[in-house]
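See below for the structure under consideration.
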Amino acid sequence: MKILADFSQRVVVHSQTLDWVASPMPGVDRRALDRVGDEVARATSIVRYAPGSEFSPHVHTGGEEFVVLEGVFQDEHGDFPQGSYIRNPPQSKHKPGSQNGCIIFVKLWQFQPQDRTHVRLQTQYMGSVKHAAFKGLAITPLYKDDYEDVSLLHFEAGANMQVSAMGGGELLVLEGEVSEQSDVLVKHSWLRLPINTDLNITAGKQGAKVWLKLGHLTDVDKQIARVQSA
């Protein structure tokens, strides 16, 4: 299966306009943003757990990264409410589910194979700092290594940010709206930028909160090869 699998193209998806598609697990539905592979896939998705639904215990051979958008996600490691940011590295395992239901933004098979760093953050309790270069913008760092940089951006109304996305990038709007080129991105809209491009975003009249990831699209072919050999 291939969905928006040409990573040389700029892509915008307004995820809330997509239909939910049932997964193999009853009560768990998905909206695919990009995907290369079948059930084992390099994938970016919005996933909805119905109340009481769960997945069987499994190992994340290629790692899993997600943000809880609504409700409370649960596994044997704890309860993760809206705003939680989780990184389960390659070879980690868990049994995910949700007693009362939840929606998450999730990325699979997009880690460096040697990464073993677990991250479990509840961002609603984290502060932010003023951005050093842009007025009306604050940042909450979430994760950074030699390969990628992940953060939350808090825009005041009309604030603008221009940064290089030489290693590619993507963002998900969590609150408010932003514009980038001729596109207006609203809540849960998703943007993917290819390598060697720039990101120029401006917040709308109510400001915005944005999840941003930079630098991670330089070895997509290797990630896909690892999926195909799994």
Side-chain angles (χ1 to χ4, degrees), residues 1-21 30-38 40-48 62-69 85-87 103-112 115 139 142-145 147-153 155 160-204 208-228:
M1 180 184 297
K2 291 186 176 182
I3 298 172
L4 297 178
D6 183 351
F7 291 88
S8 69
Q9 299 297 310
R10 177 182 179 275
V11 173
V12 172
V13 179
H14 302 293
S15 71
Q16 297 204 81
T17 68
L18 301 178
D19 293 331
W20 290 106
V21 177
R30 300 183 291 211
R31 288 169 166 163
L33 302 179
D34 66 20
R35 191 176 190 91
V36 181
D38 295 316
V40 177
R42 185 205 184 279
T44 303
S45 311
I46 306 289
V47 178
R48 179 180 65 182
E64 172 194 56
E65 175 185 22
F66 65 90
V67 179
V68 181
L69 303 179
Y85 173 67
I86 310 298
R87 293 176 66 94
I103 297 175
I104 66 175
F105 166 72
V106 60
K107 301 176 68 61
L108 301 174
W109 280 91
Q110 297 176 47
F111 282 63
Q112 294 298 291
D115 190 346
I139 184 169
L142 300 180
Y143 180 80
K144 184 181 174 81
D145 61 16
Y147 174 68
E148 61 187 89
D149 189 346
V150 188
S151 59
L152 291 181
L153 302 176
F155 289 85
N160 173 262
M161 182 186 75
Q162 301 176 45
V163 296
S164 170
M166 297 301 291
E170 64 183 281
L171 64 82
L172 183 76
V173 178
L174 302 179
E175 298 176 11
E177 66 178 45
V178 298
S179 60
E180 210 278 337
Q181 296 189 24
S182 60
D183 291 294
V184 176
L185 286 72
V186 298
K187 184 177 179 179
H188 297 174
S189 293
W190 175 74
L191 166 69
R192 189 185 73 204
L193 292 173
I195 62 173
N196 299 320
T197 55
D198 294 320
L199 174 66
N200 186 342
I201 54 177
T202 302
K209 182 191 291 186
V210 172
W211 177 89
L212 176 67
K213 184 181 180 81
L214 295 172
H216 62 298
L217 296 178
T218 55
D219 66 347
V220 170
D221 290 343
K222 292 180 182 179
Q223 294 170 352
I224 293 170
R226 288 194 286 268
V227 168
Q228 293 172 341

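Atoms considered below: every heavy atom in the structure, side chains included; atoms not considered: hydrogens, waters and symmetry mates. Starting from 1, each residue takes its place in the sequence as its number.
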Where Asp38 and Met1 come nearest, the two heavy atoms and their spacing: OD1-N, 3.2 Å
Over all atoms of both residues, closest heavy-atom pair of Ile3 and Leu33: CG2-O, 3.9 Å
Matching residue for Lys209 among Val178, Val173, Leu153, Leu174 - test: side chain to side chain contact (heavy atoms under 4.5 Å, CB included): Leu174
Residue pair Leu217 / Gly169: nearest heavy atoms and the distance that separates them: CD1-N, 3.7 Å
Separation between CD of Glu65 and CD of Glu148, rounded to the nearest 0.5 Å: 6.0 Å
Point-to-point distance, once rounded to the nearest 0.5 Å, from OG of Ser151 to CG of Leu214: 7.0 Å
Non-neighbouring partners of Asp183 that pass side chain to side chain donor-acceptor pair (under 3.5 Å), sequence neighbours left out: Arg10
Partners passing side chain to side chain donor-acceptor pair (under 3.5 Å) against Asp149 (at least two apart in sequence or in another chain): Lys144
Straight-line distance of Asp145 CG to Asp115 CG, nearest 0.5 Å: 6.5 Å
pair Arg42-Arg226: side-chain heavy atoms closer than 4.5 Å: no
Aromatic plane relationship, Phe105 with Trp211 - under 30° parallel, 30 to 60° tilted, over 60° perpendicular: perpendicular
Non-neighbouring partners of Lys187 that pass salt bridge (charged side-chain N to carboxylate O under 4.0 Å, His left out), sequence neighbours left out: none
Side-chain donor or acceptor of Ser45 paired with backbone N/O of Val47 under 3.5 Å: no
Criterion side chain to side chain contact (heavy atoms under 4.5 Å, CB included) on Leu4 and Gln9, from CA distance to verdict: CA-CA 9 Å; Leu4 297 178; Gln9 299 297 310; over 6 Å; no
Passing option when Leu199 is tested against Met161, Glu170, Gln162 for side chain to side chain contact (heavy atoms under 4.5 Å, CB included): Met161
Heavy-atom pair with the smallest gap, counting every atom of Thr17 and His14: OG1-O, 2.7 Å
Heavy-atom pair of closest approach, residues Ala203 and Phe155: CB-CB, 3.5 Å
Spacing of CG belonging to Asn196 relative to OG belonging to Ser8, to within rounding of 0.5 Å: 11.5 Å
Any side-chain heavy-atom pair of Arg192 and Phe7 under 4.5 Å: yes
Asn160 side chain to Ile201 backbone, donor-acceptor under 3.5 Å: yes
Donor-acceptor side-chain pairing of Ser189 and Glu177 below 3.5 angstrom: no
Cation-aromatic face contact Arg30/Trp20, 6.0 Å, 45 degrees: no
Separation of Gln181 CD from Asp198 CG (nearest 0.5 Å): 10.0 Å
Over all atoms of both residues, closest heavy-atom pair of Gly167 and Ile195: C-CG2, 3.6 Å
Partner of Leu172 by side chain to side chain contact (heavy atoms under 4.5 Å, CB included), out of Val67, Leu212, Leu69, Val210: Leu69
Side chains of His216 and Val150 in contact at under 4.5 Å (non-hydrogen atoms): no
Side chain to side chain, Ile46 and Trp190, heavy atoms closer than 4.5 Å: no
Side chain proximity check, Thr44 to Gln110, heavy atoms < 4.5 angstrom: yes
Leu185 and Leu171: CA distance, side-chain angles, deciding distance, side chain to side chain contact (heavy atoms under 4.5 Å, CB included) verdict: CA-CA 10 Å; Leu185 286 72; Leu171 64 82; 3.8 Å; yes
